[in-house]
Novice: 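Here it is, the structure in full.
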Amino acid sequence: MAITSGRNFWCLCSSVLLVVATPLFAAETKLFESVQVTPADEYTHGIEGPAADLDGNLFVVNFGKPGTIGRLPAGGSASEAFTTLPEGSVGNAIRFDRNGTMFIADYKKHNIFAIPKGATEPEVWFHSDEMNQPNDITIARDGTIYASDPNWKGREGHIWRIAKGADGTVQGQIMPSPRAMGTTNGIDLSPDGKTLYVGESSNGQVWSYTISGNDLTDAKLVKAFQPDTIDGLRTDVAGRLYVARILKGTIALMKPNGAVEREIVLRAKEPTNLAFGGSDGKTVFVTQRQGGFIEAFRTDREGREHCLQRGRC
């Protein structure tokens with residue numbers, strides 16, 4: 001999550017982006033070359049939470065004003081309104097499960113909303129006043145949701161595990177961890193679902209944990225970037241990590257051991273998050289706070305989340 005709502009560690013650059021939205025990719029588009037997809041200022045300063053469905057539509061929070069979700073149609077170059085969250089709620093992250101249900105993290109009201117496939121009205125899936133805020137989320141093969149829960153002022157955080165219990169009710173709890181976490185932000189699973197990757201914005205570190213039931217174990221530092229320079233992250237089917245380098249204006253593509261393969265240069269300097277989409281799951285969409293637009297590039301491997309929705313992961 002880019003720092004918003006009273007967490008303004010970062011500022012917008014003073015220069016104005018004089019860029020023109022580019023139609024989504026021609027067949028000859030080169031790998032790892034990012035282009036602007038939508039016009040500037042479609043989304044607010046809180047642009048975040050991209051997620052694509054299997055029809056190729058991309059969904060992004062805060063379209064035009066806080067508390068909304070926009071939809072970029074497959075192959076489109078402009079977004080349109082999709083839905084509005086209940087009064088006072090503001091989305092930060094979106095993910096889809098294997099059934100096509102959309103889940104939205106509402107950081108203002110501490111909800112996880114669900115929108116069934118084919119519907120547009122959000123319903124509360126889970127709520128807890130014990131959360132600082134649900135920030136980013138990721139979904140496992142069995143439907144379990146893992147949510148980062150940062151305390152921005154305290155520069156610390158937790159991970160929540162949210163899943164249906166034996167009685168069918170949705171239950172959530174903080175996952176015990178072998179170390180004190182920084183401000184937990186970007187989050188995703190390994191392709192086999194056994195490892196959870198968590199980015200900590202305050203210290204710029206990415207950590208991996210083994211999931212053992214309700215506990216996080218075997219904490220390992222994957223990579224340390226500069227403090228306050230990382231935001232959302234995703235994994236692909238090869239297990240590589242894509243990390244949004246806010247302020248640097250790149251996506252760091254790195255192996256599970258932290259070795260950086262490349263830094264993908266973006267069109268603007270404040271990427272907040274990213275998602276895999278397109279017909280083959282190899283198009284990476286990036287939400288840009290600087291300019292309020294979406295850009296995208298092609299990569300060489302399918303994203304884990306796209307593979308999950310196809311029922312292959």
Side-chain angles (χ1 to χ4, degrees), residues 1-2 4-5 21 24 37-97 99-127 133-139 145 147-148 162 185-187 231-232 234 244 270-278 283-289 291-296 303 305-306 309:
M1 177 181 188
T4 56
S5 72
L24 196 55
V37 178
T38 62
D41 301 322
E42 274 196 337
Y43 292 84
T44 73
H45 190 68
I47 184 173
E48 255 277 17
D53 65 15
L54 288 183
D55 294 324
N57 301 295
L58 182 75
F59 299 85
V60 177
V61 302
N62 301 321
F63 175 65
K65 63 180 182 179
T68 60
I69 296 176
R71 181 177 77 100
L72 176 65
S77 59
S79 302
E80 59 190 24
F82 173 69
T83 194
T84 299
L85 301 180
E87 184 68 27
S89 293
V90 180
N92 188 71
I94 303 173
R95 292 289 185 116
F96 286 92
D97 70 5
N99 297 319
T101 300
M102 176 192 291
F103 291 89
I104 306 109
D106 164 22
Y107 77 94
K108 279 288 191 179
K109 294 293 185 178
H110 303 179
N111 297 310
I112 303 293
F113 289 111
I115 301 179
K117 185 176 181 179
T120 59
E121 292 299 317
E123 300 176 354
V124 175
W125 176 261
F126 177 76
H127 170 86
Q133 64 169 75
N135 189 343
D136 205 356
I137 57 176
T138 188
I139 301 179
I145 295 174
S148 57
I162 303 166
N185 195 338
I187 187 171
D231 206 322
R234 292 290 193 275
E270 298 186 356
T272 57
N273 216 328
L274 60 141
F276 287 85
T283 297
V284 178
F285 295 94
V286 182
T287 47
Q288 273 288 356
R289 189 173 68 177
F293 62 82
I294 299 162
E295 59 179 286
E305 57 191 329
H306 186 270
Q309 291 180 70

Novice: Using side-chain contact (heavy atoms from CB on, under 4.5 Å), reason through Leu72 and Val60 one step at a time and then give a plain yes or no.
Specialist: CA-CA 8 Å; Leu72 176 65; Val60 177; over 6 Å; no
Novice: Could you tell me the separation between the CG atom of Asn273 and the CG atom of Asp231, rounded to the nearest 0.5 Å?
Specialist: 6.0 Å
Novice: Does any N or O in the side chain of Asn62 come within less than 3.5 Å of the main-chain N or O of Gly46, such that one atom is a donor and the other an acceptor?
Specialist: yes
Novice: May I ask you to decide if Thr44's main-chain N or O and Asp41's side chain share a donor-acceptor pair within less than 3.5 Å?
Specialist: no
Novice: Between Phe293 and Glu42, is any pair of side-chain heavy atoms under 4.5 Å apart?
Specialist: no
Novice: Closest approach of Ala78 and Pro73, non-hydrogen atoms and distance?
Specialist: O-CD, 3.5 Å
Novice: Roughly how far, to the nearest 0.5 Å, is the CD1 atom of Ile115 from the OG1 atom of Thr101?
Specialist: 10.0 Å
Novice: What is the minimum heavy-atom distance between Pro39 and Ser77, and which atoms define it?
Specialist: CD-O, 3.2 Å
Novice: Would you call the rings of Phe82 and Phe59 parallel, tilted or perpendicular, where under 30° means parallel and over 60° means perpendicular?
Specialist: perpendicular
Novice: Which atoms form the tightest heavy-atom contact between Asp55 and Ala74, and what is the distance?
Specialist: O-CB, 3.5 Å
Novice: With sequence neighbours left out, write down each residue that passes ring-ring contact (aromatic ring centres under 6.0 Å, His included) with Phe113, or none if nothing qualifies.
Specialist: none
Novice: CD1/Ile137 to CD1/Ile187 distance, rounded to the nearest 0.5 angstrom?
Specialist: 9.5 Å
Novice: State, yes or no, whether a side-chain contact exists between His306 and Leu54 at a heavy-atom distance under 4.5 Å.
Specialist: yes
Novice: Just how far is it from atom CG of Asn135 to atom CD of Glu48, taken to the nearest 0.5 Å?
Specialist: 7.0 Å
Novice: Please confirm whether the backbone N or O of Gly91 pairs with a side-chain atom of Asp106, one donor and one acceptor, at under 3.5 Å?
Specialist: no
Novice: Sort and list the pairs that fulfil salt bridge (charged side-chain N to carboxylate O under 4.0 Å, His left out) and have at least one residue in residues 66-78, not counting sequence neighbours.
Specialist: Arg71-Glu80
Novice: Minimum heavy-atom separation for Gly49 and Val61, please, with both atom names.
Specialist: N-CG2, 4.4 Å
Novice: Give me each pair satisfying salt bridge (charged side-chain N to carboxylate O under 4.0 Å, His left out) with a member in residues 60-70, each pair once, sequence neighbours excluded.
Specialist: none
Novice: Without hydrogens or angle criteria, can the side chains of Thr287 and Thr272 be said to hold a donor-acceptor pair below 3.5 Å?
Specialist: yes
Novice: Using only atom types and a distance under 3.5 Å, with no angle test, would you say the side chain of Thr83 pairs donor to acceptor with the backbone of Ile69?
Specialist: no
Novice: Could you tell me whether the side chains of Ser79 and Tyr43 share a donor-acceptor contact shorter than 3.5 Å?
Specialist: yes
Novice: Take Asn99 and Lys117 through the side-chain contact (heavy atoms from CB on, under 4.5 Å) test and state the conclusion after the steps.
Specialist: CA-CA 7 Å; Asn99 297 319; Lys117 185 176 181 179; over 6 Å; no
Novice: About how many Å separate CD1 of Ile162 and CH2 of Trp125, when rounded to the nearest 0.5 Å?
Specialist: 10.5 Å
Novice: Measure across Phe285 and Ala296 and return the closest heavy-atom pair with its distance rounded to 0.1 Å.
Specialist: CD2-CB, 3.8 Å
Novice: Could you tell me whether the side chain of Gln288 and the main chain of Ile294 form a donor-acceptor pair under 3.5 Å?
Specialist: no
Novice: With a 4.0 Å cut-off on N to O distance, would you call Asp136 and Arg234 a salt bridge?
Specialist: yes
Novice: Where is the tightest heavy-atom contact between Glu305 and Ala275, given as atom of each residue plus distance?
Specialist: OE2-CA, 3.4 Å
Novice: To the nearest 0.5 angstrom, please state how far the CG atom of Asn111 sits from the NE2 atom of His127.
Specialist: 6.0 Å
